[in-house]
Amino acid sequence: MSHLKDRVAVITGGSSGIGLAIASSLVAEGMRVAICARDEKKLRQAAKTLEASGATVLAVPTDVSVADQVDALITQVKDAFGRIDLLVNNAGVGRLKSIAESTEAEWDRIQAINLKGTFLCTKAVLPVMKRQRSGYIVNIASLAGKMGFGGAAAYSASKFGVVGLTQSLLEEAIEHNIKATAICPGYVATPMVQGASVPQEEMIPPEDIGKLVVALLHLSPYTVIKEIVIERKGAIGT
């Protein structure tokens with residue numbers, strides 16, 4: 001049996017795509033998971049899917065850009081399970097628009113979900129992990145957080161911020177035996193990128209992101225992975 005059995009994970013944006021794939025990989029290891037998202041209907045359906053495999057799942061509708069909702073999420077998870085071993089900040093939104101075409105409201109919403117949400121969830125979970133003297137925070141950034149792309153300025157800026165936040169977090173948290181890793185994938189086959197110029201069958205499967213998160217949890221406590229950059233095969237050499 002995996003040493004991860006009965007450990008507890010919180011996954012934001014857990015109702016579909018990368019978040020649900022990560023949750024599926026974690027429950028296969030015997031972990032208990034809390035998933036959150038804004039769409040309660042999709043969230044409940046995701047929970048049923050995970051529970052069908054015998055998993056222990058807590059589904060909490062949450063807007064990660066609202067501090068009170070984030071605090072309530074972490075409190076509910078702590079009360080239900082007694083501990084939190086892993087936080088995956090995955091909730092994210094994006095719109096393909098040039099800087100000239102983007103509105104202030106669109107910019108603010110992308111930063112609020114992608115970057116502020118990551119900050120709020122991290123801040124809320126840190127006291128729990130510090131008391132435990134253990135924990136792992138995985139932030140799902142993007143290849144767009146390593147290089148800016150025309151037509152995606154707001155999204156790129158938010159993901160660059162997530163990478164920087166992760167680096168700062170690791171420096172602050174490692175003394176408490178808390179690790180942090182930023183995962184920066186290219187196109188992943190999720191509903192968020194439907195209609196992109198790349199066919200979904202040629203994108204990174206979301207299940208691969210789940211496998212990577214599990215692999216991080218199986219590493220020695222002395223091994224630190226600051227960042228993982230993932231390319232799709234078709235992007236190499238082009």
Side-chain angles (χ1 to χ4, degrees), residues 9 11-26 28-29 86-102 106-107 110-111 113-115 117-118 136-171 179-220 222-238:
I11 304 153
T12 71
S15 62
S16 65
I18 293 173
L20 183 55
I22 292 172
S24 298
S25 293
L26 296 176
E29 294 284 315
L86 170 68
L87 168 66
V88 180
N89 284 306
N90 168 71
V93 295
R95 289 179 177 82
L96 293 179
K97 278 193 174 182
S98 69
I99 295 171
E101 294 171 329
S102 297
E106 289 168 340
W107 172 275
I110 290 171
Q111 308 313 316
I113 297 291
N114 297 4
L115 183 52
T118 298
Y136 211 130
I137 297 174
V138 174
N139 293 330
I140 306 301
S142 171
L143 201 58
K146 301 298 296 177
M147 58 186 79
F149 292 95
Y155 182 76
S156 283
S158 71
K159 293 302 187 178
F160 266 87
V162 169
V163 171
L165 177 63
T166 307
Q167 293 171 356
S168 296
L169 168 63
L170 182 59
E171 291 285 333
K179 294 183 185 181
T181 301
I183 296 180
C184 305
Y187 278 124
V188 180
T190 67
M192 183 176 172
V193 294
Q194 282 181 344
S197 58
V198 177
Q200 290 237 331
E201 61 269 20
E202 296 179 14
M203 295 182 184
I204 300 161
E207 292 77 16
D208 283 359
I209 311 300
K211 293 173 185 176
L212 280 171
V213 173
V214 170
L216 289 172
L217 299 177
H218 279 291
L219 293 174
S220 158
Y222 299 102
T223 301
V224 176
I225 307 293
K226 293 183 177 181
E227 186 177 290
I228 301 173
V229 176
I230 311 165
E231 295 263 17
R232 63 181 183 86
K233 180 181 177 182
I236 304 297
T238 59

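- Across all non-hydrogen atoms, the minimal contact from V93 to Y155 is O-CD1, 3.4 Å.
- Every residue meeting the salt bridge (Lys or Arg N to Asp or Glu O under 4.0 Å) condition with K146, not counting sequence neighbours, appears here in chain and number order: E227.
- The side-chain heavy atoms of I209 and I22, taken from C-beta on, include a pair separated by under 4.5 Å.
- Side-chain contact between C184 and V163 is present, with at least one heavy-atom pair separated by less than 4.5 Å.
- Across every non-hydrogen atom of N114 and S158, the tightest pair is ND2-OG, 3.1 Å.
- Counting all heavy atoms, side chain and backbone alike, Y136 lies closest to L216 at OH-CD2, 3.6 Å.
- The two residues A91 and G13 make their nearest non-hydrogen contact at CB-N, 3.8 Å.
- Listed by chain and number, the residues in a side chain to side chain donor-acceptor pair (under 3.5 Å) with S102 amount to none (sequence neighbours excluded).
- The shortest side-chain heavy-atom distance between I183 and I18 does not fall under the 4.5 Å cut-off.
- Within the 4.5 Å cutoff, side-chain heavy atoms of L26 are placed close to those of I11.
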Show every donor-acceptor pair shorter than 3.5 Å between a side-chain atom in residues 164-171 and any protein atom, with sequence neighbours excluded, or say none if there are none.
from: T166; atom 1: OG1; to: N139; atom 2: ND2; distance (Å): 2.8
from: T166; atom 1: OG1; to: V162; atom 2: O; distance (Å): 2.7
from: S168; atom 1: OG; to: G164; atom 2: O; distance (Å): 3.3

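- Using modelled atom types, no side-chain atom of K159 and backbone atom of M147 make a donor-acceptor pair closer than 3.5 Å.
- Using modelled atom types, no side-chain atom of S156 and backbone atom of G145 make a donor-acceptor pair closer than 3.5 Å.
- Looking at heavy atoms from C-beta onward, Q200 lies in side-chain contact with V193 at the 4.5 angstrom threshold.
- To the nearest 0.5 Å, the span separating CE on M203 from CG on D208 amounts to 14.0 Å.
- By the side chain to side chain contact (heavy atoms under 4.5 Å, CB included) test, L96 is found to be paired with A152, residues two or more places apart in sequence or in another chain being considered.
- Going from atom CG of L212 over to atom CG of L217 covers 11.0 Å, rounded to the nearest 0.5 Å.
- Contact record, I204 with G186: CD1-N, 3.8 Å, taken as the closest heavy-atom pair.
- Rounded to the nearest 0.5 Å, atoms CG (L20) and OG (S15) are 7.5 Å apart.
- More than 12 heavy atoms of other residues, nucleotides or ligands lie within 6.0 Å of CG in L219, so this atom counts as buried by the packing criterion.
- Here side-chain hydrogen bond (donor to acceptor under 3.5 Å, both in side chains) pairs that include residues 91-101, with residues two or more places apart or in two chains, are K97-E106, S98-E101.
- Under the side chain to side chain contact (heavy atoms under 4.5 Å, CB included) criterion, A154 pairs with W107, I110, Q111, sequence neighbours left out.
- Residues A21 and P206 come closest through the heavy atom pair CB-O, 3.5 Å.
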